[in-house]
Novice: 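Before I ask anything, let me first share the structure, which is written out below as structure tokens.
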Amino acid sequence: MKVFYRLSSNAPSKPFRLIASTVLAFTVMVFINGFIGSMGGFPAFIAFLTVFYLLRSVTGTGNRIMHHLAMTSRRELAVLFFDYSAGYLLLWLLIRQVLLFSRVNGWGHINGASALEYVQKLLSTPMLEKWAYFFVGIYMFAFVLSLFPLVVIRRPGSWAVYALLDGAVFSLLCAILGGLCRLYIGEKPLGRSRCLIDYLLLCGGLDGWKRILCMAGILVFTLAVGVFAFLFAAHVYGPKRGRLDVDTSAWKPGVSERTSADIRVRCRNVALASIGVALFGGIMAVVLFGPQDEARRYEKVAEYLTKDDVLGPMVYGGQIYIPTGGDLMLHEIGAPQGYLAHRDEVCDSLFYELTVANVLYTAPEASDRHVEVHGAVVGRFDPAGEIERQEAWRENSVFLLWDEDWVRESVYSHEPTGYLVCEPEFVEGLELRFGQVVYRAEDFEDYDAYFSLYGYEDIEHAMVEELTPGNWVGCILVKDNKFYYGSRENPIEGVLLQELLDILGGYRK
């Protein structure tokens, strides 16, 4: 094998081959993320680009290495196939591990949790979640195996046709598997289900022997895909009947011109490749750079005042709104006004429209001032003044003070974290001291730390899997080691400040 790659390394590589390999690897990454699910898009891109480019450089020149070694075409192809599959799998796993450890803040800590705690949380994940990720991981590997013939197909037309047909087949299989999953999902929400992993994670009806059958089926399918990819590549790569693997025209002086049949075949292949490239380029140009649908083009009209896009307030039309949870169905009956952006987020790109598109909707009646966001984030907002007057928090007995980074801090936990428990007496003291707060957007422009204060019926209502806002009490802003209750005009001082510092304890921003 060392001799094989020593001879292979002498094959010249063209810059266009690297460009084509990069485009194909990027397409594979987009397909995996879009149809299969997030199985590590960047690791898939790097792993596929590396193995495909290196092996394509060996086979793309047409210099058959087996002429120099005692090796049949199938034996040579077996070496390529093993290095392709094993190389991709090892690189993918390696890069996944590197990305994981890159999130370690110092040795042994991951977002505030020890490495041991992180491993324990992985082991404690539900069996359904483990099974779903194993299934899509094997399906992803089957898709990569199916692309192996592209390493050895030399005709541009045949190469493009195979790539398109392979993508179409695996897209159809994703749709079929998603449709089968819907039979077991029942009444669970499907609005955010976009890829295979989403549907599998909602399949609570697949228990016991059904999961075993599914795993056996995907393993058999992957094996079948591997066998087909190898046999098809062997058919393309092997010598053809009536032809020699060696170009003998160089042996005969004066015989260098091509026959008319050869010219027609080459012209046909070039034409097919050109048409395929033109169609693909035209579609991508229309989708990414063409004029957008005017009915769906919006501008940023609202913005979150903090980095918390679940519990934090937002400003729309110069007025502060508080998230209250619930669904008003305004995305179906209301009027779209524009995008609700994260803090300092830019919303004027097509990428934002295709991937985020948090559109803010208002009620049909002008007197109804409630609004709703629908997109990557879904939720309802009520005017802050109305929430302050209702004082619904007085019916609660549990109060939590949420750090604005609690969502990021909860990534590796199956329960929400990033909160502090407040005594009811402290909350009542704040309200007694400051009363109804008048919120101003300019008070949120520059702060050092932010906390949302919500009330709940009990702790179980706050620790649900899909956390929704409780009853709004207020918020605390920190600037230059000074604490304010909802407004810079409300500094927290005296006994209340001491109680707040006791609650915060060792919290540091």
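Residues: numbered from 1 along the sequence shown. In this text the structure is predicted, and so the values were computed from the model without any measurement.
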Novice: Between Phe52 and Leu24, is there a side-chain heavy-atom distance shorter than 4.5 Å?
Specialist: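 Yes, their side chains come closer than 4.5 Å.
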Novice: Work out which heavy atom in Ala302 is nearest to a heavy atom in Tyr316; give both atom names and the distance.
Specialist: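 Closest pair (atom of Ala302, atom of Tyr316, distance): CB-CB, 3.8 Å.
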Novice: Are Thr306 and Tyr304 linked by a side-chain donor-acceptor pair shorter than 3.5 Å?
Specialist: no
Novice: Say whether Glu332 and His374, considering side chains only, have a donor N or O and an acceptor N or O under 3.5 Å apart.
Specialist: no
Novice: Taking the six-membered ring for Trp and the full ring for Phe, Tyr or His, determine whether the centres of Phe451 and Trp402 are under 6.0 Å apart.
Specialist: no
Novice: Measure from the ring center of Phe399 to the ring center of Tyr454 and say whether it is less than 6.0 Å.
Specialist: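 Here the rings of Tyr454 and Phe399 have centres that are no less than 6.0 Å from each other.
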Novice: For residues 425-436, which side-chain N or O atoms pair as donor and acceptor with protein atoms under 3.5 Å away, sequence neighbours left out?
Specialist:
from: Glu431; atom 1: OE2; to: Tyr485; atom 2: OH; distance (Å): 2.5

Novice: Show your working on side-chain hydrogen bond (donor to acceptor under 3.5 Å, both in side chains) between Tyr450 and Ser452 and close with a plain yes or no.
Specialist: CA-CA 7 Å; Tyr450 167 86; Ser452 296; 2.7 Å; yes
Novice: List the atom pairs, donor and acceptor, that lie under 3.5 Å between side-chain atoms in residues 498-505 and the rest of the protein, sequence neighbours left out.
Specialist:
from: Gln498; atom 1: NE2; to: Asp502; atom 2: OD1; distance (Å): 3.2

Novice: Under the ring pair (Phe, Tyr, Trp, His ring centres under 6.0 Å) test against Tyr139, which residue among Phe170, Phe134, Tyr133 passes?
Specialist: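 Going through Phe170, Phe134, Tyr133 one by one, the ring pair (Phe, Tyr, Trp, His ring centres under 6.0 Å) with Tyr139 is satisfied by Phe170 alone.
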Novice: Provide the closest heavy-atom pair for His370 versus Asp382 in the form atom of the first, atom of the second, distance.
Specialist: CD2-OD1, 2.5 Å
Novice: How are the rings of Tyr298 and Tyr339 set relative to one another: parallel (under 30°), tilted (30 to 60°) or perpendicular (over 60°)?
Specialist: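 If you compare the ring of Tyr298 with that of Tyr339, the planes turn out perpendicular.
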Novice: Do Asp448 side-chain atoms and Asp480 backbone N/O form a donor-acceptor pair below 3.5 Å?
Specialist: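 Checked: pair present.
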Novice: Take His342 and Lys307 through the side chain to side chain contact (heavy atoms under 4.5 Å, CB included) test and state the conclusion after the steps.
Specialist: CA-CA 7 Å; His342 297 287; Lys307 292 186 293 184; over 6 Å; no
Novice: Could you please spell out the steps behind the side-chain hydrogen bond (donor to acceptor under 3.5 Å, both in side chains) verdict for Glu404 and Tyr447?
Specialist: CA-CA 12 Å; Glu404 69 171 331; Tyr447 60 85; 2.9 Å; yes
Novice: When rounded to the nearest 0.5 angstrom, what distance separates NZ in Lys479 from CG in Asp446?
Specialist: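 Lys479 atom NZ to Asp446 atom CG measures 3.5 Å (nearest 0.5 Å).
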Novice: Between Glu391 and Arg394, does at least one N-O distance fall below 4.0 Å, as a salt bridge requires?
Specialist: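 Judged by the 4.0 Å cut-off on N to carboxylate O distance, Glu391 and Arg394 do form a salt bridge.
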Novice: Taking the cut-offs as 6.0 angstrom to the six-membered ring centre and 45 degrees off its axis, would you call Arg488 and Tyr484 a cation-pi pair?
Specialist: yes
